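Working notes, structure below.
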Protein chains: 2
Amino acid sequence: MTRVKLQDVAERAGVSVTTVSRVLNNRGYLSKQTIQKVHQAMEELNYRPNAVARQLFKQKTDLVGLVFPTVNNPFFGELEAELEERLYELGYRVVMGNSQNNPQKEEQYLQLLLNGQIDGLIVGAHNEGIEAYHNTNLPIVSIERIVSKQIPVVAADNYTGGRLATQRLLDDGCQHIIHTNYPATSSTPNQERRRGYEELVNEHGMEKITYEISFDSPNEEKAAIFKQIFIDHPECDGIFADNDTNARLAINAARQAGKRVPEDVKVIGYDGASSTQLLFPDLTTIQQPIAEMAKVAVDLLQKRLADQSVSSVTLPVKLIPGTTA
Amino acid sequence: MTRVKLQDVAERAGVSVTTVSRVLNNRGYLSKQTIQKVHQAMEELNYRPNAVARQLFKQKTDLVGLVFPTVNNPFFGELEAELEERLYELGYRVVMGNSQNNPQKEEQYLQLLLNGQIDGLIVGAHNEGIEAYHNTNLPIVSIERIVSKQIPVVAADNYTGGRLATQRLLDDGCQHIIHTNYPATSSTPNQERRRGYEELVNEHGMEKITYEISFDSPNEEKAAIFKQIFIDHPECDGIFADNDTNARLAINAARQAGKRVPEDVKVIGYDGASSTQLLFPDLTTIQQPIAEMAKVAVDLLQKRLADQSVSSVTLPVKLIPGTTA
DNA sequence: GTGAAAGCGCTAACAC
DNA sequence: GTGTTAGCGCTTTCAC
């Protein structure tokens with residue numbers, strides 16, 4: 001099927017393409033009769049304006065890229081759903097990129113921005129050292145990830161979250177609390193969770209032990225690390241996991257090691273995403289304000305797109321009580 | 001942003017735009033020297049080809065739309081992640097649309113296709129009666145959703161799944177099995193789950209009772225329905241939920257009604273998505289081959305984009321044993 | 001009120 | 001081997 005274009009409509013209506021374009025965009029002075037004629041011609045030909053031609057002229061695609069490790073995860077799934085909703089309201093459509101297991105992908109999505117295929121980017125992937133981020137001040141906002149000086153970060157208050165979680169375990173009477181987090185080299189603000197944990201156990205004269213678990217590694221590998229934790233530290237009676245799925249793996253590992261949760265080991269997670277709350281309501285966790293983070297990120301991106309300067313934002317977290325800690 | 005265009009590169013290199021374009025696309029005969037010069041000019045000017053201009057010429061955006069109720073769900077999250085991965089391998093980027101709570105959105109994403117902003121569409125949303133689907137044979141593939149005659153459907157074997165689930169409850173000795181599913185008006189093949197259930201309980205001379213739960217309604221509403229089930233049918237000793245989150249709600253409701261799971265009531269779910277398996281491993285469920293469904297859907301779409309005719313595909317399901325049934 | 005024409009940035013006949 | 005030029009489909013000065 002050959003596409004009907006502006007010119008076809010113009011010919012049919014007996015006017016110029018300019019006029020049809022004006023009718024289409026409701027711009028300029030037009031006689032009622034002309035509008036009528038043009039509309040009729042558009043109907044008859046079943047005309048659809050070509051979005052790409054418009055984009056070329058406008059130098060704007062109304063597309064925003066979302067680059068996170070994977071949408072198949074309670075936290076990122078909720079976050080991306082919220083981002084999509086907020087951006088949709090502003091007239092943007094969303095290009096989804098899952099960069100887990102494929103570091104080059106993040107760079108590819110950055111190329112979309114550089115090539116003018118998308119107008120902006122919201123990133124939260126974990127790949128390090130992508131040159132182009134530093135080049136210039138592009139319309140990019142980051143969530144829970146430090147990318148470069150120029151790029152504003154939206155994050156929850158990870159330090160307080162780390163303290164809250166640790167405090168809960170201390171209140172539970174835990175004496176040997178182990179934390180898991182990303183490798184310390186990762187440029188993510190959730191290293192602050194670790195700082196909160198370490199400070200607090202220090203204050204209580206306890207040993208600080210953090211096992212590093214890369215977010216992007218497969219679940220079997222993660223499970224193996226938790227198994228190892230209980231081998232290395234049979235005395236462990238409290239686990240502060242850096243996310244809820246890890247908390248789940250910790251509980252599985254504890255049980256496999258013959259320990260009861262919460263009687264022998266308390267476990268507290270992090271994130272508190274809606275589908276985790278639904279599927280695993282017993283989990284005690286620190287909840288990030290995901291919807292709010294999405295909203296703020298979109299606000300910041302909108303300002304960046306309007307060439308306004310913005311700064312990073314930190315949002316509060318709260319403890320969601322369950323039965324695991 | 002990308003102020004530098006082909007012509008600038010051409011001038012700098014002292015050649016024509018055609019030559020630069022050829023270098024860019026590695027097409028036609030070019031002297032080594034010219035290639036060298038052009039590459040250098042591109043470097044010096046930090047040239048980025050404009051993707052939209054290319055799209056306009058090619059009449060192709062390499063973008064595929066994904067329209068599902070919400071990505072914030074274990075099943076759709078995994079499905080969309082798989083779809084994105086498969087499409088990425090083929091050079092497509094993905095536009096994500098979450099149509100839950102907003103029926104107009106699905107139509108909007110269809111407009112993107114009609115407007116030439118995306119090349120194809122994979123849909124699994126639940127909104128009824130969208131005219132445009134019937135118009136013509138567009139490059140659209142549907143997953144677990146009957147849209148129109150022209151559009152191929154990828155689905156798991158819902159009928160067998162329904163029988164498998166029901167059989168499991170019968171094997172458990174259940175006498176009063178209740179099923180939940182979408183309203184029967186919904187044009188989704190998972191009504192076949194209901195058929196499988198109904199046939200099997202009929203064969204056993206039992207009463208068939210299906211409660212209708214719209215996928216898109218809020219969790220509180222769904223929870224209220226499950227509560228009602230145990231009020232209406234205190235004798236109920238088996239629940240076959242049409243998805244895993246509903247199974248979770250069923251279990252919650254059973255416990256609130258003072259029943260133990262699985263001692264007093266057995267519950268079996270449906271979907272078996274990876275994050276459900278992770279967060280709620282105890283659940284007995286029917287697993288859909290999500291990765292395979294994504295792969296087949298992308299294959300079909302690719303063929304539709306190449307104007308080949310395709311037909312619908314049904315894939316097998318399997319029972320994942322847990323402790324809830 | 002309406003139209004002619006010049007782009008937006010790129011590609012591919014078609015020439016030479 | 002390389003260049004000229006006519007589009008891809010739309011919007012918008014600038015005339016009339």
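Throughout, protein chains are lettered first and strands after them, A, B, ... in sequence-line order, and every chain is numbered starting at 1. Nothing here was measured: the structure is a model prediction, and the numbers come from that model.
- No more than 12 heavy-atom neighbours from other residues, nucleotides or ligands sit within 6.0 angstrom of CD on A/Gln36.
- Protein atom CG of A/Asn26 is 14 Å distant from nucleotide atom P of C/dT2, rounded to whole Å.
- One interatomic measurement links the two molecules: CG of A/Leu30 to P of D/dT12, which rounds to 13 Å at whole-angstrom precision.
- Among the protein residues, A/Val52 comes within range of no part of the nucleic acid, since none of its heavy atoms lies under 4.0 Å from any strand.
- Here B/Arg54 reaches the OP1 or OP2 of C/dT11: one of its side-chain N or O atoms lies under 4.0 Å away.
- The main-chain N or O of A/Ala156 is found under 3.5 Å from a side-chain atom of A/Glu144 such that the two form a donor-acceptor pair.
- Side-chain contact of B/Ser148 with B/Gln150: a donor-acceptor pair under 3.5 Å is present, judged by distance alone.
- For C/dC10, the OP1/OP2 oxygens have a side-chain nitrogen or oxygen of B/Tyr47 closer than 4.0 Å.
- Dense packing is recorded around CD of B/Gln308, with more than 12 heavy atoms of other residues, nucleotides or ligands lying under 6.0 Å away.
- Applying the 4.0 Å criterion to OP1 and OP2 of D/dG9, one finds that A/Arg3 has every side-chain N and O outside that range.
- Candidate nucleotides C/dG3, C/dC10, D/dC10 were compared by shortest atom distance to the side chain of B/Leu6, and C/dC10 ranks first.
- Rounding to whole angstrom units, CG of residue B/Asp8 and C1' of C/dC10 are separated by 13 Å.
- Atom CG of B/Leu24 and atom P of D/dT2 are 16 Å apart (whole Å).
- Side-chain nitrogen and oxygen atoms of B/Ser21 include at least one within less than 4.0 Å of the OP1 or OP2 phosphate oxygen of C/dT11.
- Look at CZ on B/Arg48: it is 13 Å from P on C/dC10, rounded to the nearest Å.
- Atom pair B/Gln117:CD and D/dG9:C1' shows a separation of 14 Å (rounding to whole Å applied).
- Judged by distance alone, the side chains of A/Thr61 and A/Asp119 do bring a donor and an acceptor atom under 3.5 Å apart.
- The side chain of B/Ser31 places an N or O atom within less than 4.0 Å of a non-bridging phosphate oxygen (OP1 or OP2) of D/dT2.
- For A/Lys58, no side-chain nitrogen or oxygen approaches OP1 or OP2 of D/dC10 to under 4.0 Å.
- Mapping B/Phe57 and B/Arg22 onto DNA chain D by nearest heavy atom places B/Arg22 at the nucleotide closer to the 5' end.
- Between A/Asn25 atom CG and D/dG9 atom P there is a gap of 17 Å when expressed in whole angstrom units.
- B/Arg27 has its CZ atom 9 Å from the P atom of C/dA13, to the nearest Å.
- In terms of phosphate contacts, A/Gln59 brings a side-chain nitrogen or oxygen within less than 4.0 Å of OP1 or OP2 of C/dG9.
- Position along DNA chain C of the nearest nucleotide to B/Leu56 versus B/Thr18 favours B/Leu56 as the more 5'-ward residue.
- Each of A/Val17 and B/Ala53 was matched to the nucleotide of DNA chain D holding its nearest heavy atom; the match closer to the 5' end belongs to B/Ala53.
- Between A/Asn50 and D/dC8, a side-chain N or O to OP1/OP2 separation shorter than 4.0 Å is absent.
- B/Gln111 and A/Arg48 form a side-chain donor-acceptor contact under 3.5 Å, judged by distance and modelled atom types alone.
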